[in-house]
Every structure is written in structure tokens, then in C-alpha cells.
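Got a structure for you, questions after.
No experiment lies behind these values; they were computed from the predicted model shown.
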Amino acid sequence: MAGLEYATGRLDAERELTTLEARWYMWGGPKNGYARWYATASTNTPTPLVKVITQSVSDPAPLPRWKDFLPRGLREHAQLVPVTPPPPVPTPLDVHRTASRRRPALTTRSVPRWSTTTTPSAILPARPSRSRR
């Protein structure tokens, strides 16, 4: 349902801009329908631009369209898939309401512990006792 035509040879620059006689002629849609589109590109159009246009037209990835805005002649050729919207993102008010309904988290309590370290005085060697004179 899409095509590309490339004209070879010498072309009149004025006619390329004012008629359908251009270097590049791209079209899409059913051939016998009224819902057909076309695009032309002159000899002076950069080839990378034409390449990007043709890649985007031939990309098989689905495009979002409103069903009511799709012409009837194209509906029979299109594969329509309903799109479900993503779930709504909670607002700050929603978060606040949810937080107020939650139970408070368990608080930590200070628990007395016994120390297992030894004092520096316990590590020092005992002094021999001297007699006093």
C-alpha cells in the first residue's frame, strides 16, 4: 500500500517544484481509493532525508489513530487494536490519604546491653608487691 518511484535522467528544476514530475515520488494508500497520500522530493533534496521518510513510511510499528478519523476506505485495510490507557499516576493528595490510613511503622527501642569489653586496668600485668621499709 506504499510505493516509491525514482526518475532518472535530466529534470527541469521548475517542473520538479510545481508538478508531480519530481526526482522522488512517494505514495501510499489503496490505489483505487480516495484516501491516498503522496510526497515528492526534488533533485536537490538530500538523499538521507528521503531515506528517513521511506524508513518511517515502511516501519511496521503501529501508530495511534482515532478510529472515527480513519477514512472508511482505509478501515478495511487497517488492523485496529484498542488501546487501554495506562493507570493514573497517584497525586500527592492520594499519597497523603494512603499514608494516613497506614499503621505506623514499628519504632525501635533502646535495649540495654551488657558490655563484653574488658577495662584497660584488667589487661595490665599485676605488679609485684614490695615490702615497705
Side-chain angles (χ1 to χ4, degrees):
M1 291 186 49
L4 172 76
E5 296 176 14
Y6 177 76
T8 59
R10 203 167 200 292
L11 296 175
D12 182 357
E14 178 71 25
R15 289 187 58 84
E16 278 193 89
L17 297 176
T18 57
T19 67
L20 294 180
E21 295 177 22
R23 181 70 59 195
W24 304 92
Y25 178 75
M26 296 161 271
W27 57 269
K31 285 189 176 190
N32 57 359
Y34 64 90
R36 186 172 173 160
W37 64 266
Y38 72 90
T40 60
S42 71
T43 302
N44 296 325
T45 303
T47 307
L49 179 60
V50 176
K51 181 180 177 182
V52 169
I53 293 170
T54 56
Q55 284 175 341
S56 64
V57 168
S58 61
D59 187 1
L63 295 172
R65 298 278 188 251
W66 294 104
K67 181 181 174 185
D68 297 336
F69 291 98
L70 192 62
R72 288 186 183 179
L74 288 180
R75 284 185 195 169
E76 61 191 43
H77 300 287
Q79 179 183 358
L80 301 177
V81 177
V83 176
T84 55
V89 177
T91 64
L93 182 59
D94 294 334
V95 173
H96 178 71
R97 286 178 183 156
T98 305
S100 65
R101 284 186 282 183
R102 270 192 253 151
R103 290 184 184 180
L106 294 176
T107 57
T108 58
R109 290 182 286 185
S110 177
V111 177
R113 306 255 181 218
W114 295 102
S115 174
T116 57
T117 60
T118 54
T119 62
S121 61
I123 298 173
L124 296 175
R127 292 186 201 169
S129 56
R130 289 191 210 172
S131 58
R132 286 189 177 188
R133 291 186 200 189

If every non-hydrogen atom of A22 is compared with every non-hydrogen atom of A41, which pair is closest and at what distance?
->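 Taking every non-hydrogen atom into account, CB-O, 3.6 Å.
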Can you list the steps and then say if L49 with W24 is a side chain to side chain contact (heavy atoms under 4.5 Å, CB included)?
-> CA-CA 11 Å; L49 179 60; W24 304 92; over 6 Å; no
Non-neighbouring partners of P90 that pass side-chain contact (heavy atoms from CB on, under 4.5 Å), sequence neighbours left out =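 P90 satisfies side-chain contact (heavy atoms from CB on, under 4.5 Å) with D94, V95 once adjacent residues are dropped.
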May I have the list of side-chain donor-acceptor pairs in residues 3-16 shorter than 3.5 Å, sequence neighbours left out?
from: D12; atom 1: OD1; to: E14; atom 2: N; distance (Å): 3.1
from: R15; atom 1: NE; to: E21; atom 2: OE1; distance (Å): 3.1
from: R15; atom 1: NH2; to: E21; atom 2: OE1; distance (Å): 3.2
from: R15; atom 1: NH2; to: E21; atom 2: OE2; distance (Å): 2.5
from: E16; atom 1: OE1; to: R23; atom 2: N; distance (Å): 3.2
from: E16; atom 1: OE1; to: T43; atom 2: N; distance (Å): 2.7
from: E16; atom 1: OE1; to: T43; atom 2: OG1; distance (Å): 2.9
from: E16; atom 1: OE2; to: T43; atom 2: OG1; distance (Å): 2.8

Applying side-chain contact (heavy atoms from CB on, under 4.5 Å), name anything that partners L93, two or more places apart in sequence or on another chain.
->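 Scan of L93 (side-chain contact (heavy atoms from CB on, under 4.5 Å), adjacent residues dropped) gives T91, R97.
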Can you hop from M26 to L63 via hydrophobic side chains spaced under 4.5 Å?
->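 No; L63 is not reachable from M26 via cluster members.
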Give the other cluster members for L20, using side-chain heavy-atom distances under 4.5 Å between Ile, Leu, Val, Met, Phe, Trp and Tyr residues; answer none if it is isolated.
->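 Direct or chained contacts put L20 with Y25, W27, Y38.
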